[in-house]
Structure formats: C-alpha cells, structure tokens
Trainee: 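My questions all concern the structure below.
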Amino acid sequence: MQLQIHRQNIRLDQGQFEEIERRMMFALDQFESWVVDATVYVEDVNGNKGGIDKSCRVLVNLRSGKTIKVEDIDAELMAAVARAADRLSNVVGREIEKKRAH
C-alpha cells in the first residue's frame, strides 16, 4: 500500500509528518490487501487567522475501484488527524464487510 502526505498552508516538522504517517498506516494496516493507496491532505484553511481550521482529508482507493473520503477539522492539526484516522478505519472496515457479504 502506498501512502502520500500533502500539506497546504501549514508547516510540518519531521515528528508531525511521522506521526501522521504512523496513525494512517495503523488505521489501514489490517486492510492492506484491500487498499491500493491512500493520500492524506493536511491544511490550515484560514492561514494565520487562527481558529478551528486545521483540516485532515484522506482519500483511499480500494481494489474494488471504490474511493473512500474522510475529513475532520479541529483547532489542533494532530487532533484532526487522529479523528480522521479513527473514522477511516471504521469506514474502510464497513465497506470491506459489505463487499464480503456479497
């Protein structure tokens, strides 16, 4: 599985980058045989204005051809990343269960 991380209007230090990568890989690891690739987009929506504006959007392409999108926004980037990773694991798991049921 290939994982890409893109950022916009936000700085990521090496520790943050590695934490995002770790959380997303952990969320998807159990579904590795079903996932083609995942792309994470982190962004500071309002720039320097502050507020609840740190966005984490994840797109996952499954072998079935379906694309799953999950997004979360928070004042703290890593909180948005954590919630998006948790949601991602749940959504991908449900989608795979639907495929297995058919």
Side-chain angles (χ1 to χ4, degrees):
M1 177 185 67
Q2 185 177 13
L3 176 71
Q4 295 182 8
I5 300 171
H6 299 278
R7 61 179 181 77
Q8 186 171 350
N9 299 327
I10 196 166
R11 290 180 184 254
L12 294 177
D13 62 34
Q14 189 64 30
Q16 289 172 311
F17 183 86
E18 290 171 359
E19 180 68 10
I20 293 168
E21 183 177 55
R22 185 187 68 75
R23 284 187 180 269
M24 293 303 161
M25 293 302 285
F26 183 78
L28 295 172
D29 196 37
Q30 62 186 326
F31 310 116
E32 188 172 4
S33 64
W34 291 82
V35 175
V36 175
D37 60 22
T39 307
V40 180
Y41 299 91
V42 291
E43 178 181 10
D44 186 343
V45 178
N46 293 335
N48 293 334
K49 295 178 185 177
I52 301 173
D53 66 338
K54 307 302 186 290
S55 168
C56 177
R57 188 175 75 244
V58 187
L59 300 175
V60 174
N61 294 308
L62 300 179
R63 295 201 188 285
S64 66
K66 182 161 185 153
T67 299
I68 293 175
K69 177 184 173 185
V70 174
E71 184 171 12
D72 200 280
I73 297 175
D74 196 279
E76 297 295 324
L77 176 63
M78 296 317 291
V81 168
R83 279 198 308 274
D86 288 345
R87 273 197 204 137
L88 184 64
S89 183
N90 291 331
V91 172
V92 172
R94 282 195 309 267
E95 184 62 31
I96 290 171
E97 284 304 313
K98 282 196 276 184
K99 296 292 181 195
R100 285 182 181 160
H102 288 101

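Every value quoted in this text rests on a predicted model; they were computed, and no experiment measured them. Residue numbers count from 1 along this sequence.
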Trainee: Return each pair, listed once, that meets ring-ring contact (aromatic ring centres under 6.0 Å, His included) where at least one residue sits in residues 53-93; pairs must be two or more places apart or across chains.
Mentor: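 ring-ring contact (aromatic ring centres under 6.0 Å, His included) check on residues 53-93 returns no pairs.
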
Trainee: Using the test side chain to side chain donor-acceptor pair (under 3.5 Å), find all partners of Q2 that sit at least two apart in sequence or belong to another chain.
Mentor: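 Side chain to side chain donor-acceptor pair (under 3.5 Å) list for Q2, sorted by chain: empty.
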
Trainee: Quick check for you: to the nearest 0.5 Å, what is the distance between N46 atom CG and D53 atom CG?
Mentor: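 The CG atom of D53 is 4.5 Å from CG of N46, to the nearest 0.5 Å.
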
Trainee: Can you tell whether the side chains of E43 and K54 come within less than 4.0 Å, N to carboxylate O?
Mentor: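 No salt bridge links E43 with K54.
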
Trainee: What do the steps show when you test M24 against V81 for side-chain contact (heavy atoms from CB on, under 4.5 Å), and what is the final call?
Mentor: CA-CA 8 Å; M24 293 303 161; V81 168; 3.9 Å; yes

Trainee: Shortest non-hydrogen contact from L77 to S55?
Mentor: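 Minimum heavy-atom separation between L77 and S55: CD1-O, 4.1 Å.
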
Trainee: For N90, check side-chain contact (heavy atoms from CB on, under 4.5 Å) against everything at least two apart and list the hits.
Mentor: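 Partners of N90 by the side-chain contact (heavy atoms from CB on, under 4.5 Å) criterion, ordered by chain and then number, come out as R94.
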
Trainee: Salt bridge (Lys or Arg N to Asp or Glu O under 4.0 Å) with R11: which residues, sequence neighbours excluded?
Mentor: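 Expected list: none.
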
Trainee: Could you pull out all donor-acceptor pairs under 3.5 Å where a side-chain atom in residues 29-38 meets a protein atom, sequence neighbours excluded?
Mentor:
from, atom 1, to, atom 2, distance (Å)
Q30, NE2, S89, OG, 3.4
D37, OD1, N61, ND2, 2.7

Trainee: For residues 79-92, which residue pairs qualify under salt bridge (charged side-chain N to carboxylate O under 4.0 Å, His left out), counting only residues two or more places apart or in two chains?
Mentor: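 Passing the test, one end in residues 79-92: D72-R83, D72-R87, D74-R83.
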
Trainee: Side-chain heavy atoms nearer than 4.5 Å, only ILVMFWY residues, links allowed to pass through others: does that put I73 and M78 together?
Mentor: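 No; tracing contacts between hydrophobic side chains, which count when under 4.5 Å, never links both residues.
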
Trainee: Name all residues meeting the side-chain contact (heavy atoms from CB on, under 4.5 Å) criterion together with F26; count only those two or more places apart in sequence or in a different chain, and write none if there are none.
Mentor: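 Once residues adjacent in sequence are excluded, F26 has no partner under the side-chain contact (heavy atoms from CB on, under 4.5 Å) criterion.
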
Trainee: For E21, check side chain to side chain donor-acceptor pair (under 3.5 Å) against everything at least two apart and list the hits.
Mentor: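 By the side chain to side chain donor-acceptor pair (under 3.5 Å) rule, E21 matches no residue at all.
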
Trainee: One pair to check against side-chain contact (heavy atoms from CB on, under 4.5 Å): T39 and V58. What are the steps and the verdict?
Mentor: CA-CA 6 Å; T39 307; V58 187; over 6 Å; no

Trainee: Can you check whether V40 reaches R57 side chain to side chain, under 4.5 Å on heavy atoms?
Mentor: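 Result no, sub-4.5 Å side-chain heavy-atom pair not found.
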
Trainee: To the nearest 0.5 Å, what is the distance between OH on Y41 and CZ on R7?
Mentor: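 One gets 14.5 Å once the value is rounded to the nearest 0.5 Å.
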
Trainee: Does the side chain of Q8 reach to within under 4.5 Å of the side chain of V45, using non-hydrogen atoms?
Mentor: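 Of all side-chain heavy-atom pairs linking V45 with Q8, none is under 4.5 Å.
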
Trainee: Can you name the salt bridge (Lys or Arg N to Asp or Glu O under 4.0 Å) partners of E19, sequence neighbours left out?
Mentor: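 With neighbours one apart ignored, the set is R22, R23.
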
Trainee: Are a donor atom and an acceptor atom from the side chains of Q4 and H6 found within less than 3.5 Å of each other?
Mentor: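 Short answer, yes.
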
Trainee: Same cluster or not: V92 versus L59, using hydrophobic residues (I, L, V, M, F, W, Y) connected whenever any side-chain heavy atoms lie under 4.5 Å apart?
Mentor: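 V92 and L59: separate clusters.
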
Trainee: State which residues pass side chain to side chain donor-acceptor pair (under 3.5 Å) with Q14; sequence neighbours excluded, sorted by chain then number.
Mentor: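 With neighbours one apart ignored, the set is E18.
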
